[in-house]
Amino acid sequence: MPKNSPFTDAILSWYDRNGRHDLPWQHPASPYDVWLSETMLQQTQVATVIDYFQRFKSKFPDIPSLAQASLDEVMQLWAGLGYYRRAKHLHEAAKIMAKKHSGRVPSSLEDLMALPGIGQSTAGAILSIAYQKPCAILDGNVKRVLCRHYGIRGWPDSTLTLKQLWPLAESLTPNKDCHRYAQAIMDFGAVLCTRNKPNCQACPIQKSCYAFLQQCIEQLPEKKPRAKVPEKTLHFWILQRDNGDIFLTQRPPLGIWASLWAFPEGEPPMSNLAEYHKQTLSPFLHLLTHFRLTIKATLVHIGKQNLAEIKLAGTWCAPHTVGKTLGVPKPITKLITQL
DNA sequence: GATGCGTGGAA
DNA sequence: TTTCCAAGCAT
């Protein structure tokens, strides 16, 4: 049995004393829980995920229940968490698992990576944490820790850098405690070796850390300069009946807020708009990673007239019940509260 | 390789 | 206020 590297042992030891051991997906770390949590945690912080994970689990405790659900039920539970493709992929993958994998999360790298929404790092997390197979993970935390400790230059997502990081991550993964190590290295990055102001003072591997010794902690990992974020404006049409009900339509399966329910956007949803009383709501800003969205909205009072002229398919519902049954993006939630 | 995809929190 | 970006993946 080959010995662990000093790095690996130090991370494991740090984790036992300082790591988070009480996250809702850790006891027990069933394959389903690990898969679900790892998916929710993609580009999303632990504090945000906890509530979503628990709500999702209580509605869909296992693969069969998720596989049998409608996409709308899944999206409703995911609404607000962002990156909605994850929810669609999760649902699709559950159906595949139910049909082709006896209702279980597969336990081979090949089978896992063939599923939608599971890439190499998520597959590695499932294999190591849920199945105790010594597979490497390489998420943002691990990349940051390794780039600093081993002085790896270049953008962490460039092909050249990944070619160094993956073998390194694999060589550091222990055979015996791989499931603890996977949690440990991610926690270490999330809690101690943070992007800003890492706690080097308390770091057990400070003495072998390239970035600490070279005093370039803030410079590693190198960050790619971002293009300036473009501005965009979206215009929503809020159709409201006398009884207060509002009209929602499902967004297309591709693009932003895919498959979620929202007010008609863009062109007016009816040709006889002039016949109705309208009210312009105050615009507000909605920030995304790749856009600065100005959200504008016009409230159209429909009254009791014939509604047949609405061009879109959709549904009428009471404003306060919307979020309980349909998945709606944040800006729509905000508009509804303003009515 | 570059781009699209959400949201909330921190500085 | 603005900027940055957090347990990535798919196209």
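Sequence lines set the chain letters: A, B, ... in the order given, protein chains first and strands last, and positions in each chain run from 1.
Screening residues 94-107 of chain A for salt bridge (charged side-chain N to carboxylate O under 4.0 Å, His left out), with sequence neighbours left out, gives no hits. Within the structure, every pair that satisfies the salt bridge (charged side-chain N to carboxylate O under 4.0 Å, His left out) test and touches residues 17-35 of chain A, not counting sequence neighbours, is listed here: A/R20-A/D187, A/D33-A/K57.
Distance A/D157 CG to B/dA2 C1': 12 Å, rounded to the nearest Å. Whole-Å rounding puts the A/I332 CD1 to B/dG6 P distance at 13 Å. Per the geometry, NZ belonging to A/K224 stands 4 Å off P belonging to B/dA2, to the nearest Å. One interatomic measurement links the two molecules: NZ of A/K143 to P of C/dC5, which rounds to 14 Å at whole-angstrom precision. Computed from coordinates, the A/I137 CD1 to C/dG8 P distance equals 10 Å when rounded to whole Å.
In this structure, A/K163 has no side chain to side chain contact (heavy atoms under 4.5 Å, CB included) partners at least two apart in sequence or on a different chain. Shown here are the side chain to side chain contact (heavy atoms under 4.5 Å, CB included) partners of A/E265, two or more places apart in sequence or in another chain: A/L234, A/F236, A/R251. Partners of A/L287 under the side chain to side chain contact (heavy atoms under 4.5 Å, CB included) rule, at least two apart in sequence or in another chain, are A/L285, A/R292. For A/A169, the side chain to side chain contact (heavy atoms under 4.5 Å, CB included) partners at least two apart in sequence or on another chain are A/A136, A/L138, A/L146.
Between B/dG6 and A/H286, no contact under 4.0 Å exists linking OP1 or OP2 to a side-chain N or O. For B/dG4, the OP1/OP2 oxygens have no side-chain nitrogen or oxygen of A/H290 closer than 4.0 Å. Residue A/Y84 places at least one side-chain N or O closer than 4.0 Å to OP1 or OP2 of B/dT7.
The stretch residues 189-204 of chain A comes close to DNA chain C through A/A190, A/R195, each having a heavy atom under 4.0 Å from the strand. Residues of residues 108-118 of chain A that place a heavy atom closer than 4.0 Å to DNA chain C, in numerical order, are A/L115, A/P116, A/G117, A/I118. Only A/G255, A/I256, A/W257, listed by number, bring a heavy atom of residues 250-266 of chain A to less than 4.0 angstrom from any atom of DNA chain B. If you check residues 35-42 of chain A against DNA chain C, the residues with a heavy atom closer than 4.0 Å are A/E38, A/L41, A/Q42, listed by number.
Hydrophobic clustering, defined by side-chain heavy atoms of Ile, Leu, Val, Met, Phe, Trp and Tyr closer than 4.5 Å, leaves A/Y83 isolated from every other such residue. Grouping Ile, Leu, Val, Met, Phe, Trp and Tyr by side-chain contacts under 4.5 Å, direct or through others, puts A/L213 with A/F212, A/I217.
Base engagement by A/V46 is indicated by at least one non-hydrogen atom pair under 4.0 Å involving a base atom. Within 4.0 Å (heavy atoms only), A/T48 reaches no atom of the nucleic acid at all. Within 4.0 Å of A/R144, counting heavy atoms only, lie sugar-phosphate atoms of the nucleic acid but no base atom.
Mapping A/A123 and A/K228 onto DNA chain C via the closest heavy atom, the residue that lands nearer the 5' end is A/K228. With the nearest nucleotide of DNA chain C identified for both A/D139 and A/L287, A/L287 has the one nearer the 5' end.
A/Q250 and A/D72 form a side-chain donor-acceptor contact under 3.5 Å, judged by distance and modelled atom types alone. Side-chain atoms of A/T233 and A/K296 form no donor-acceptor pair, as typed in the model, at a separation below 3.5 Å.
Among the nucleotides B/dC5, C/dC4, B/dG6, the one closest to the side chain of A/L288 is B/dG6.
The aromatic ring centroids of A/W237 and A/F263 lie 6.0 Å or more from each other.
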